[in-house]
Amino acid sequence: MSNVSRITVAYGDGIGPEIMAAALHIIQSAGARIEPEVIEIGEKVYLKGNSAGIEPSAWESLRRTKVFYKAPITTPQGGGFKSLNVTARKMLGLYANVRPCVSYHPFVKTKHPNMNIVIVRENEEDCYAGMEYQLSDTVMECLKIITRPGSERIARYAFEYALQHNRKKVTCFTKDNIMKMTDGMFHKIFDEIGADYPSIEKEHWIVDIGAAKMADTPEAFDVILMPNLYGDILSDVAAQIAGSVGLAGSANVGSQCAMFEAIHGSAPRRAGQNLANPSGLLLGGVLMLVHLNQPDIAERVHNAWLCTMEDGVHTYDVFKEGTSKQKVGTKEFGEAVVARLGKTPHTLKAVHYSAAPPKAAHAAEAGRTPAKVTVEGIDVYVAWPSLDTGKLATAVQKAVGDGLDLIMIDNRGVKVWPDGMAETLCTDAYRCRFQAKNGTTSKQTVALLGRVLDQGVEIVKTETLRNFDGQAGYTLSQGQ
Ligand code: NAD
């Protein structure tokens, strides 16, 4: 069997073709055992009328090779064009986003000379599920979805990554003091999975103070695991404070496929001038070589690149009079790295990659016994243009029955009936909570909806109030 790996390559838009040519030249000169299949994605495909920016034939190549090396693309301005990155992540099930953020002091200016962290971001869930609704004339809603299986696999990925890359600590950032159910479960699962990795230090920070600490003292962290939204924001912060977003690569990894790229965009103003820095894409390529189980080549490329950086051979974005020695273009930078293949850096720390260890055996995910579920009531969201909460309460109270009582009405999560405060800002979307002391049935809650409608109240959505093994599967509203 050949040990050459087929990969799918997209040259992208703007500076994409130049930096991809340079990165592939370096990787192939280093002896990478790869066979690229080139696909077209991005601007040209969008402008041909394909709103996803990718043709069906390109998906076939991706399904076949399962490895995507992608240069940045330009998403055309205007509505109707879907983000190709988000589509690729979701379609290929790329649940883990991995972004090493390292400073290259004293060769690249940075406030954090000892920074060397890796952000592992959950890539599919959270507010990125794309589930948004307009509830009323003035209220929009975005659902934040966090699942047990999704959280389990990203937590396990972070710990496995730490083991394989000889990292000592995994830190989890969440906001579970506020989002007790969604972020609370993410944190709890981090603790559960972490128990399988006794050799790795574990800690949890609330994301706000954790982010502040990361921006101030990044050397306090090693691997940081985050749900999607915090990870999206903070991985850009981390790359920027390490020195430059132009130097970071990233991996998007799923159980079947993986995609490797630079974190920056297509920089259209720099396109076609042999100016752009290919480093971010090249370091994405290093992550790809590790994934392809070619650690020897990954190490050769990465160390040659480190030598180039410390020899002061820099593209315009990194070049600094005094520190840098030679300002070069994209092609010349590529040649400079090729000329250093086989060398190891003197000042910067040389990297070492080892073959992926066989997958560690974990205690089989204990077959979870499904929780015992009971129905307690229903939250009925209504559009109510008048600010007269009392009138709304009078109307919906006429709908009670079958043991279901009106417990409270809230607005933006703050109780406004009974005993609301005049100061509470109210919008035209309210939530009416009906609960039965001794439990109820879904049939009875549905019957209640009919009675609410009979009062001329417009229902916009409902959430069933359920208990899971005796634990409330919902939160109380502020003031309830
Ligand atoms: P950008 O990352 O392209 O550029 C930001 C700034 O950094 C610019 O000043 C640019 O000149 C500079 N820069 C970026 N990469 C560089 C490199 N390799 N070498 C030297 N300088 C570099 O961000 P933008 O201008 O906001 O976006 C441009 C386009 O890229 C948009 O169409 C956007 O949608 C797209 N984009 C694509 C991806 C992707 O494909 N993964 C990611 C982000 C943005």
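When a ligand or atom number is given, it counts from 1 through the structure's own listing order. Predicted, not measured: the structure shown is a model, and the values here were computed from it. Residue numbers start at 1 and run along the sequence shown.
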(message) For the backbone of Val313 and the side chain of Asp311, can you confirm whether one donor and one acceptor N or O come within less than 3.5 Å of each other?
(response) no
(message) Under a 3.5 Å distance rule, please check whether Glu122 uses its side chain to pair with a backbone N or O of Glu125 as donor and acceptor.
(response) yes
(message) Taking the ring of Phe190 and the ring of Phe159, is the distance between their centroids below 6.0 Å?
(response) yes
(request) Quick one: list whatever passes side-chain hydrogen bond (donor to acceptor under 3.5 Å, both in side chains) with Lys175, sequence neighbours left out. (result) Asp208
(request) If a pair satisfies side chain to side chain donor-acceptor pair (under 3.5 Å) and one of its residues is in residues 90-102, list it, with sequence neighbours excluded. (result) Asn97-Asn252, Arg99-Ser235, Arg99-Asp236
(request) Return the protein residues near ligand 1 (heavy atom under 4.0 Å from any of its atoms), ordered by chain and residue number. (result) Ile15, Lys70, Pro72, Ile73, Thr74, Thr75, Asn85, Glu261, His264, Gly265, Ser266, Ala267, Pro268, Arg270, Ala276, Asn277, Tyr316, Asp317
(message) Please enumerate all residues that pass ring-ring contact (aromatic ring centres under 6.0 Å, His included) together with Tyr46, with sequence neighbours excluded.
(response) Phe81
